[in-house]
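Data block below; observations after.
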Amino acid sequence: MMRRNLTAAAVIFMGFSGFTAQLLLLRELVSSFLGSELTIGFIFAAWLLWEAAGARLAGKIVHTGSVTSFALLQVLFALVVPLSVYAARTAGTFTPGEAADFGRTALFSLLILLPPGFLHGNLFPCSCALFLKTSKKPSETAVGNVYILEIIGTLAGGILFTFLFIPLAHGFRTAMIISLINCLVSSVLLLYSTKAPLRAAAAAAAGAVLSLGVIIGGFDTYLHMHAAGRLWPGSEVLEYRNSPYSTAAVTLRGGEYTWFSDRVPVITSPNPDTAETEGFAHLGLLHHPDPSSVLIIGSGAGGLLSEVLKHPVTRADYAELDPLLIELVKQHQTELIQSELEDPRVRTVNSDGRLFTLRSDAFYDAVIIGVPYPMDLQTNRLYTLEFFSLLKQRLAPKGIVLLSMPGSSGYLSEEMADINSMIIHTLEQVFPYRKSIPGDSSVLHIASGDARSIEAADTEELTARLAARSIESSAVTPWYISYRNDPERIRWFENSLEGHEARTNRDFTPAGVHYGTAYWLSMVSPGLLSPLRFFSSLPGLLLLGLAAAGMLMYAFLRSRVVHGCVAATGFSSMLFDLAVLYAFQALFGYVFSWIGVLAACFMAGAAFGGWFTTRRLKHMTAIKRWFFFSELWVTAAALLLGAVIMFLLPAAAWMGRELLLQLLFLLTAAAAGFSTGLQFPLAEGLVKHHSTDRSTSAGSLYAADLAGGCAAGLIGGAVLLPVIGIWGICISAMVLKLFSLVMFCAAGRNI
Amino acid sequence: MKIMTAILVQLSLLWSLSASGPSPDTMTTATPGASEHSMAEAMFYQVIDDRTLQCLICFRECIIPEGERGFCRNKEHIDGVLYSLVHSRPSAVQVDPIEKEPQFHNLPGSRILCVGTAGCNYACRHCHNWHLSQQSIDDIRYMNMTPDHLVAEAMMREVRTISFTYNDPISMYEYVYDTARLAAQHGLNILWHSNGSMNPEPLRELLKYTHAVTIDLKGFSSHAYQNSRASLEPVLEALKIIGESDVWLEIVNLVIPTINDDPEEIRAMCRWISEHLGNEVPLHFTRFVPAYRLTHLPRTPVETLEQAYAIAREEGLSYVTIGNVPGHQYNSTFCPSCDSRVIHRTHFTVIENLLIDGACRECGHAVPGIWK
């Protein structure tokens, strides 16, 4: 009894540590990927791949029924996790300061996830075999129980990671806690096993002691800062911290502080990028006749604020996308920052800029969006039609919105032209008046609902306002205004945009992310631009339709329709998961904090769905009919999920009920998981009649499920979401399932 | 299956047509086969054998088989002849202040016609014009502007100088050369901003028609030049040749953290300049801001730039400035004799030029440069 309970506890901890390690590595790798959530799908897919390989090959590597094998695998897993975290953080930094290209990062992700993913995959069949030995229940129930116990561990991991580890522990501390728990559980398990050699227990115990020693001695913190230091050699790394939104860091070099968000420098003090900052602030604000209230979202401290305050401003509200940045800015104040933040006109906001705008009832003469171009969903939240509509409500009469996009004063590349066209098109749907001023490396866009703020502000007027406000600027002089505001140069810019696409950027159809990704690829991996353009030029449904048709035709011809249906469900399942995560990110911006609970809810939903069907399986007389209903249900669920995400969740978001919205998201994730989890036991029930080896049939179905999931992970984030949006993803899943349903019906009696 | 393939082919064709799209003004997008009519034969190349040519414009001396292109993507071997693909095909033509080059001792406050094409013989990871320099002419839009057109454009826009910049003039050598010869006939000055890795013979030939040059010295070590996939020695060789000519030379050194900001390296560079080019060559230390592939590096601390300035002065260089830090006192030019400010600059704006006929108003010290 004691041993069975211990095994159960070990399985729970296995689920806990596996999922926590997965989340931890995902966070580290995404930070290497410049914080783009579009890579979540890829990382999930890579983990799934190695886990499946580990599960499949477990029997060939270790004796699956042995306590010693199971325990030592856990110890090995415990060792591998901190090493993987170190590798994930420093991978691709052969050249300090260089953004890793897509191919290199993808390759490193695959390699780094291999050891922990593979080992964790090994653990599942080992734990099943172990459980079978200690259980008197039939094999189906025993395996089901292991699955449920692992899900309990997964849920616990998701919740603890979100609410405990992220706020309180750095990456290496979390990794060492995982190691400690694994080693402890293994040593106890081995001690209670009569067959296990004592030295194995001693090894596990030594692992636990070592992990504890590392934590108590603070060596994990040393490793944490050492790994961070490798990212910026020659700089003193003062902070490297995770927030719900990103990974923030502060470095000091040559008396200059730099604040980083996901490794990209966002604030420099005491000497900011004066030309860019002054050009942005002054050229923009001079377009308003009397800017007294200003809202700054992003990169405000360290220069922009002080320039803004040179105008007749009586109130300046300042928010960052990640409030941790403001906290770190306050911790390492320079004289300039201190003067900015202590100015009585300045009010710093301790929440992300979009949520603040939603909750605020103030009206502004100018809103300055200072965050980088939309290359991921988090930054995209500030450049969508929905957010611009919100800003319009917050603008006073003659109010202006200022933002900048990548550009050039000499030549606009296709990608630069696309991203500027997109932002102009989106702005113009909300603000009837707009002006764009090209600069050396960026284009300043000014939008307003009032013609007077745009049309009346010619060079003469702007120069007069500069003088009237007695603004002392190093970069923005009367000559500079005439140079930047040159009508001929502006006309050149507008002409350069002709013929370029102008899709509207929306929260759930993030065209901005697509163009931002294309711009990023044009710098780091230009070879991938052509495939991206090719895929994005095809209607998403056609693309998926072709893929689905090919896959299901293959299954049909090979008389493996059920496998085809399961693969399609695996594909839809991953799309559902990604759709929920992306919708959450589009509305909240802190998916990296909540990914644990959201994914855990999804998995718990899937497990509950599986359990729900398994319990009724023995009473089902017509499994084929029930399988047909499950196909129908997953098809309908795609539509339902799309409707919930597109209509219900935004409605709740606009009401500003954050808690309710979070709850709705958790329920949606669980419901989406439940819908896809229902089918697997039915498929197994259908296939087992045609197979002599039960484990082989289950394995091949599992492989089909994973293959579908991997495929969706690979293309769901990087291609489908930016091109066809969340609604398109849901419709695609529905079309795919409809197709598999038709195939299933067509196969008829052959199944 | 055949139908599916046919659909895919049709779709990809449609895509490729829509991707090129209509172009602004006179800009066109390159299409296969459309380039032959306006290609110019390259200068300075040799035949290795019946299937191989060697370009001799720059230090790379690319060996180019039939149908292939050199490192810069701009020279193509077609039927035993090496052609320049960018002659008369600029992608960027803009009027800018001369201070942007930077050229601080050359008609201060004047405007220049800046011209750039696709391609470059370097691959700098910090390039600000990567969207031109790291592209092939096939992938970007360009205008059809012969040297005549350029000269006419300069005269129409009332500028005195045509500057070949954005990408390296080495990769558009023939276009620069033809324009320079023509410009000389119309009294226009020719300026080019280069990495300085041109081979001696083409360099000497081009200098005959050149008035001023800005050389981008990327550092003073092989480590610094690795960042551009290039090497230092050819640049030093070219600098000596330019230094010996009558052409006005200014040197710019973009100081990049971890790449080329070692004070000893900066000192060695300044010492070399002083010894081989003299103390009167203006040297501009400019501040790095994250760009292109070096987006994770911090901006250069101003302290580092000031340290570089002090080193250069210690080594005896007379005209040293700090760039890309608007408002910094060393944006301006100071008289090496009496230390008074002779040209007051902030960023690209010339606030005040206190030189009288190229001499310091306070002490009469002659400041070298092009002043008329």
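Below, each value reflects all heavy atoms present in this structure, side chains not excepted, and no hydrogens, waters or symmetry copies. Each chain gets a letter, A, B and so on, in the order the sequences are listed, and its residues count up from 1.
Both the backbone and the side chain of A:Ser522 come within less than 4.5 Å of a heavy atom in chain B. Interface remark: A:Asp440 contributes side-chain atoms only to the contact with chain B (heavy atom separation under 4.5 Å). Neither the backbone nor the side chain of A:Tyr257 comes within contact range of chain B, judged by heavy atoms closer than 4.5 Å. Looking at B:Arg157, the atoms closer than 4.5 Å to chain A (heavy atoms on both sides) all sit in the side chain, from C-beta outward. Contacts of A:Glu488 with chain B are made by side-chain atoms alone, with heavy-atom separations under 4.5 Å and no backbone atom involved. Contact of B:Asn227 with chain A is not made at all, since no heavy-atom distance falls under 4.5 Å. For B:Leu294, the parts sitting under 4.5 Å from any heavy atom of chain A are the backbone and the side chain alike.
Nearest heavy atom pair, residue B:His131 against residue A:Ser413, reads CB-CB, 3.8 Å.
Between B:Pro298 and A:Pro265, the closest side-chain pair of non-hydrogen atoms is not below 4.5 Å. Annotation: side chain of B:Val350 is not in contact with side chain of A:Trp479 (no heavy-atom distance under 4.5 Å). Counting heavy atoms from C-beta outward, B:Leu297 and A:Arg253 have side chains that stay 4.5 Å or more apart. A:Arg489 is listed as a side-chain neighbour of B:Asp96, based on a closest heavy-atom distance under 4.5 Å. With contacts defined as side-chain heavy-atom distances shorter than 4.5 Å, the pair B:Arg125/A:Glu98 qualifies. Using a 4.5 Å cut-off on side-chain heavy atoms (C-beta onward), B:His296 and A:Val264 make contact.
Ranked by heavy-atom pairs shorter than 4.5 Å toward chain B, the options A:Ser409, A:Pro478, A:Ala417 are led by A:Ser409. Among the candidates A:Ala275, A:Ser473, A:Pro526, the residue making the largest number of heavy-atom pairs closer than 4.5 Å to chain B is A:Ala275. The residue among B:Thr300, B:Thr258, B:Ile351 with the most heavy atom pairs within less than 4.5 Å of chain A is B:Thr258. With chain A as the partner, the residue from B:Thr304, B:Val93, B:Val95 showing the most heavy-atom pairs under 4.5 Å is B:Val95. The greatest number of non-hydrogen atom pairs below 4.5 Å with chain B, out of A:Glu278, A:Met523, A:Met416, is found for A:Met523. Among B:Pro257, B:Ala291, B:Gly327, B:Gly109, the residue making the largest number of heavy-atom pairs under 4.5 Å with chain A is B:Pro257.
Salt-bridge formation is not detected for the pair B:Arg287/A:Asp273: no Lys NZ or Arg NE/NH1/NH2 atom is positioned less than 4.0 Å from an Asp or Glu carboxylate oxygen. With respect to the salt-bridge test (charged N to carboxylate O, under 4.0 angstrom), the residues A:Glu276 and B:Arg299 do not qualify.
Annotation for B:Glu303: atom CD does not count as buried by contact number, only 12 or fewer foreign heavy atoms lying within 6.0 Å.
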Item to complete: Please report the C-alpha distance between A:Tyr411 and B:Asn129 in whole Å, then the side-chain angles of each, then the deciding distance to 0.1 Å, and finally whether the side chain to side chain donor-acceptor pair (under 3.5 Å) criterion is met.
Response: CA-CA 9 Å; A:Tyr411 172 80; B:Asn129 293 312; over 6 Å; no
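Counting only distance, with no hydrogens or angles, the side chain of B:Thr346 and the backbone of A:Ser474 share a donor-acceptor pair below 3.5 Å. With hydrogens and angles disregarded, a donor-acceptor distance shorter than 3.5 Å links the side chain of B:Arg141 to the backbone of A:Leu412.
Here the OH atom belonging to B:Tyr166 is positioned 7.0 Å from the OG atom belonging to A:Ser408, to the nearest 0.5 angstrom. The OH atom of A:Tyr483 lies 8.5 Å from the NE2 atom of B:His347; values are rounded to the nearest 0.5 Å. The CZ atom of A:Arg263 sits 11.0 Å away from atom OG1 of B:Thr295, with the distance rounded to the nearest 0.5 Å.
Under the side chain to side chain contact (heavy atoms under 4.5 Å, CB included) criterion, B:Glu306 pairs with B:Val302, B:Ile322, B:His328, not counting sequence neighbours. Shown here are the side chain to side chain contact (heavy atoms under 4.5 Å, CB included) partners of A:Leu528, two or more places apart in sequence or in another chain: A:Phe102, A:Leu521, A:Ser525.
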